[in-house]
Amino acid sequence: MNILAIDTSNQVMSVAIQQNEQIIGEINTNLAKNHSVRLMPAIDQLMKDIGLMPDQLEQIVAAKGPGSFTGVRIGLSTAKTMAWALNIPIVGISSLEVLAYQGRFFNGLICPFFDARRGMVYSSTYQWQGTIMEEIVPESNISMEDLLNKLKAYDKPVLFLSPDMHIHQEAIERIVGINAMIPEPTYHLPRASHLILASKDKPIDSTHTLTPNYLRLAEAEAKWLEQQREKQANE
């Protein structure tokens, strides 16, 4: 099966293609540039490099968030448009789960996270049981301090994975202490090839109803809702 995977949910842009259970091509960049300009050319280049035509694709897998609101929208809308145009199935995968695959062989808790500003993060916690990755702590938008105190209470080694590690490393080491495991920088970047691994045994999504998982409202949306509540209260 020819599978295209797309992840633009954060600064990293990653696309990969799997053919007959083998990753035959992958493009990864970690640049502060607009995904909307670079995503389709990257997909086109990758398909040309491996000699694959669009109508030969049989499934698309996409990261559905959480992460950058704009990045998530770009990747998921591109994936959905392609799936609809080619009439092929699509699978949406948590961006946190994809990042957790960088700790595939870690024997302990795995905590992927993305910075959400103002001391908050998008995070979840996983643990591998054989070939199955179990979610120990559900995805949430949580203060980093609260998250770290929860993880400290487990009194187990925790592998922290994040492209935003530089923002929170001091707090991680201070609160979790010797149980905090922070690997080299290359392990903190999600890869589209791991999207394909994570999609195995996942149900197919409806192209029309698959939506981003932001975990919180955009600031503008939150302000609008607050204004509506105040307006109703004053009527």
Side-chain angles (χ1 to χ4, degrees), residues 1 3 5-7 9-10 12 14-18 20-24 26 28 30 59-67 72 75 90-116 121-142 144 146-165 168-169 171-173 175-205 213 215:
M1 177 179 283
I3 303 175
I6 300 170
D7 187 353
S9 55
N10 288 279
V12 171
S14 184
V15 295
I17 292 177
Q18 176 177 287
N20 300 324
E21 302 298 320
Q22 183 176 357
I23 299 296
I24 58 174
E26 185 171 28
N28 300 296
N30 183 24
Q59 182 172 298
I60 294 179
V61 183
K64 63 179 182 180
V72 171
I90 186 171
V91 179
I93 303 294
S94 162
S95 303
L96 291 166
E97 182 178 350
V98 174
L99 183 54
Y101 266 76
Q102 290 282 37
R104 171 67 180 85
F105 299 104
F106 181 73
N107 186 23
L109 301 179
I110 302 170
C111 178
F113 68 87
F114 304 123
D115 183 65
V121 293
Y122 305 119
S123 182
S124 55
T125 304
Y126 302 90
Q127 186 168 22
W128 284 93
Q129 301 290 346
T131 59
I132 305 298
M133 187 167 67
E134 296 184 354
E135 187 179 57
I136 305 300
V137 179
E139 294 183 356
S140 64
N141 178 215
I142 186 174
M144 190 57 164
D146 287 347
L147 171 65
L148 294 176
N149 283 319
K150 286 183 178 181
L151 293 173
K152 180 181 179 180
Y154 281 95
D155 195 25
K156 293 181 178 180
V158 183
L159 180 69
F160 289 92
L161 300 169
S162 177
D164 305 312
M165 182 59 65
H168 299 282
Q169 184 166 348
I172 291 170
E173 293 173 340
I175 296 175
V176 182
I178 61 173
N179 278 330
M181 307 296 166
I182 301 176
E184 292 81 359
T186 187
Y187 291 96
H188 297 287
L189 306 180
R191 298 184 59 175
S193 53
H194 288 158
L195 259 176
I196 298 172
L197 285 176
S199 71
K200 291 185 177 180
D201 301 322
K202 290 289 195 339
I204 299 298
D205 287 293
N213 176 26
L215 286 185

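Considering every non-hydrogen atom in both Ser199 and Ile93, the closest pair reads CA-CD1, 3.8 Å. Of all the heavy atoms in Ala116 and Asn141, the pair that sits closest is CB-ND2, 3.7 Å. Minimum heavy-atom separation, Asn10 to Gly67: OD1-CA, 3.6 Å. Here the closest non-hydrogen pair linking Ser95 and Ala63 is OG-CB, 3.6 Å. Of all non-hydrogen atoms in Ser9 and Pro66, the two that sit nearest each other are CB-O, 4.2 Å. Between Leu195 and Ile6, the closest heavy-atom pair is CD1-O, 3.1 Å.
Put simply, CD1 on Ile196 and CD on Glu21 are 10.0 Å apart, with the number rounded to the nearest 0.5 Å. Between Glu139 atom CD and Leu215 atom CG the span is 5.5 Å, to the nearest 0.5 Å. Atom OH of Tyr187 and atom CG of Leu159 lie 10.0 Å apart (nearest 0.5 Å). Remark: Glu134 CD to Thr125 OG1 distance equals 13.0 Å, nearest 0.5 Å. Note: Leu148 CG to Cys111 SG = 7.5 Å, rounded to the nearest 0.5 Å. To the nearest 0.5 Å, the span separating OH on Tyr122 from OG on Ser94 amounts to 12.5 Å.
Counting only heavy atoms from C-beta outward, the side chains of Gln127 and Ile110 never approach each other to under 4.5 Å. In this structure, the side chains of Asn179 and Lys152 stay at 4.5 Å or more apart for every pair of heavy atoms. Gln169 is listed as a side-chain neighbour of Ile182, based on a closest heavy-atom distance under 4.5 Å. A 4.5 Å side-chain heavy-atom check between Phe160 and His168 finds every atom pair outside the cut-off. Considering only heavy atoms from C-beta on, Ile17 stays 4.5 Å or farther from Ile3 through its side chain. The side-chain heavy atoms of Val61 and Ile90, taken from C-beta on, include no pair separated by under 4.5 Å. Residues Ser123 and Ser140 are not in side-chain contact: their nearest non-hydrogen atoms beyond the backbone lie 4.5 Å or more apart. A 4.5 Å side-chain heavy-atom check between Val176 and Tyr154 finds every atom pair outside the cut-off.
Between the His188 side chain and the Ser162 main chain, a donor and an acceptor come within less than 3.5 Å of each other. The backbone N or O of Asp115 lies less than 3.5 Å from a partner atom in the side chain of Asp164, making a donor-acceptor pair.
Side-chain contact check for Gln22 and Gln18: no donor-acceptor pair (N or O, by modelled atom type) lies under 3.5 Å.
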**Request:** Could you check Asp7 against Ser14 for side chain to side chain donor-acceptor pair (under 3.5 Å), going step by step and ending with a plain yes or no?
**Result:** CA-CA 5 Å; Asp7 187 353; Ser14 184; over 6 Å; no
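Every residue meeting the salt bridge (charged side-chain N to carboxylate O under 4.0 Å, His left out) condition with Glu26, not counting sequence neighbours, appears here in chain and number order: Arg191.
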Show every donor-acceptor pair shorter than 3.5 Å between a side-chain atom in residues 96-109 and any protein atom, with sequence neighbours excluded, or say none if there are none.
{"residue": "Glu97", "atom": "OE2", "partner": "Lys202", "partner atom": "NZ", "Å": "2.7"}
{"residue": "Gln102", "atom": "NE2", "partner": "Leu189", "partner atom": "O", "Å": "2.7"}

